[in-house]
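Note that the structure is predicted; figures quoted are calculated from it, not measured. By convention in this document, chain letters (A, B, ...) are assigned in the order of the sequence lines, proteins followed by strands, and residues within each chain are numbered from 1.
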There are 2 protein chains.
Amino acid sequence: MSNLGIGQLARRAGVAIDTVRYYERNDLLSPAGRLASGYRRYGEAELKRLRFIRRAKALGFTLEDIRGLLSLSDERSVARIKQAAEAKLADIDRRIDELERIREGLRTLVKACPGHGRAESCPILNALNAEDAP
Amino acid sequence: MSNLGIGQLARRAGVAIDTVRYYERNDLLSPAGRLASGYRRYGEAELKRLRFIRRAKALGFTLEDIRGLLSLSDERSVARIKQAAEAKLADIDRRIDELERIREGLRTLVKACPGHGRAESCPILNALNAEDAP
DNA sequence: CTTGACTCTGGACCACGGTCCAGACTTTAG
DNA sequence: CTAAAGTCTGGACCGTGGTCCAGAGTCAAG
């Protein structure tokens, strides 16, 4: 059931052709076969796999993470899939926390800034110019 | 008052020497002068500016943002500084929102996954394999 | 003066996730 | 049949923010 060319595959998965070849170079997705001409042929399994990659990316997994997930799903190891998802969740928590710290810092400065007057009275500039390093 | 070599400057600002030169290439920081030998010399103004860059980065500004901030602070335009900070705040809000969406997706999946059993019953794999594209 | 530490330049290289290109070949529609 | 559309390969290039290197020259301490 290798009925798709690379262009059809890419369109149906919503990615660029070059991206498909890039994934192949990076061991994420191989064609089901090749024509005598060298043209890649893909089937439903590859389309599913490509969509899997797209969704996992949307969930914040890196391509390396996804390589791991794909090999785990091949192994059918539910426990390890869950662990990987939990680890990624913790990672995302950390990223959110860091951004929130940055946000609070900025928010405080923006609130304190009158938006006019002399540069010396701008708390944003003053904070950036402060002598004590954050 | 050009009393610092590049190494001293870097140490006192807490960055790498290469980073100082990188900033110079990217129009963020120039030496106050050069010795006849070509050695860069920096003063207090450059040290402050470098620390400004470091702090602004910690607040989530890109180097391009910082170039803008530096030129604004030269202009002493408090209103525009505040606008830039507000824009960055909105940007950080958006990044947090996106990560939170991702987090909720993952959280739901992790909660629903029993952590054992057949691969077909793993909601994480099922979501990634779903026919309907997210 | 010597030695070791410092600095200079230009350019290569890293991760990340692609994107784009040329030049050749193949497939498909009409 | 032809012409257009699709695909092939290998490699260059993008942005972001640096890091590292070689080979040469310089500065400071003893």
Self-check item: Protein-nucleotide distance (B:Tyr42, atom OH; C:dC6, atom P), rounded to Å
Solution: 16 Å

Self-check item: Rounded interatomic separation in angstrom, taking CD from B:Glu24 and P from D:dT19
Solution: 16 Å

Quiz item: In whole Å, what is the span from the CZ atom of B:Arg41 to the C1' atom of D:dT26?
Solution: 11 Å

Exercise. Kindly say whether A:Ser30 contributes a backbone atom to a donor-acceptor pair with the side chain of A:Arg49 at under 3.5 angstrom?
Key: no

Quiz item: Is there side-chain contact between A:Leu63 and A:Tyr22, with heavy atoms separated by less than 4.5 Å?
Solution: yes

Interface polar pairs with nucleotides 28-30 of chain D, N/O, under 3.5 angstrom:
none

Practice problem: Would you indicate, yes or no, if D:dT7 has its OP1 or OP2 atom less than 4.0 angstrom from a side-chain nitrogen or oxygen of A:Arg40? | Solution: no

Quiz item: Can you check the A:Ile17 CD1 to D:dA5 C1' distance for me, whole Å?
Solution: 11 Å

Quiz item: How does each nucleotide of nucleotides 10-25 of chain C score, in 5' to 3' order, for protein heavy atoms under 4.0 Å: base (B), sugar-phosphate only (S), or none (-)?
Solution: -------BBBB-----

Quiz item: Has B:Gln8 got more than 12 heavy atoms of other residues, nucleotides or ligands less than 6.0 Å from its CD?
Solution: yes

Quiz item: Counting distance only, does the side-chain N/O of A:Arg54 pair as donor-acceptor with the main-chain N or O of A:Ala13 below 3.5 Å?
Solution: yes

Practice problem: Taking the side chain as every heavy atom from C-beta outward, state whether A:Phe52 and A:Leu29 have any atom pair closer than 4.5 Å. | Solution: no

Quiz prompt | Heavy-atom check, side chain of B:Lys82 versus side chain of A:Leu109, under 4.5 Å | solution = no

Self-check item: Separation of D:dT16 C1' from B:Asn26 CG (nearest whole Å)
Solution: 10 Å

Exercise. Please determine if a side-chain N or O atom of A:Ser37 lies less than 4.0 Å away from the OP1 or OP2 oxygen of D:dT7.
Key: no

Quiz item: Is a salt bridge present between A:Asp91 and A:Arg95, judged by a nitrogen-to-oxygen distance below 4.0 Å?
Solution: yes

Practice problem: Could you check which residues of residues 88-101 of chain A get a heavy atom under 4.0 Å from DNA chain D? Sort them by number, please. | Solution: none

Quiz item: A:Arg34 side chain N/O closer than 4.0 Å to the phosphate oxygens (OP1, OP2) of D:dT9?
Solution: yes

Quiz prompt | Whole angstrom value for the distance that separates C1' of D:dG17 from CZ of B:Arg67 | solution = 11 Å

Self-check item: More than 12 heavy atoms of other groups within 6.0 Å of A:Glu64 CD
Solution: no

Quiz prompt | Spacing between A:Asn3 atom CG and C:dT27 atom C1', to the nearest angstrom | solution = 16 Å

Exercise. Using a strict cut-off of less than 4.0 Å between a Lys/Arg side-chain nitrogen and an Asp/Glu carboxylate oxygen, indicate whether A:Arg107 and A:Glu104 qualify as a salt bridge.
Key: yes

Quiz prompt | Spacing of B:Asp27 atom CG relative to D:dG18 atom C1', expressed in whole Å | solution = 16 Å

Self-check item: Check ion pair A:Glu100-A:Arg103 (N to O, under 4.0 angstrom)
Solution: yes

Exercise. List the steps and the verdict of salt bridge (Lys or Arg N to Asp or Glu O under 4.0 Å) for B:Arg21 and B:Asp18.
Key: CA-CA 5 Å; B:Arg21 286 194 280 243; B:Asp18 280 336; 3.6 Å; yes

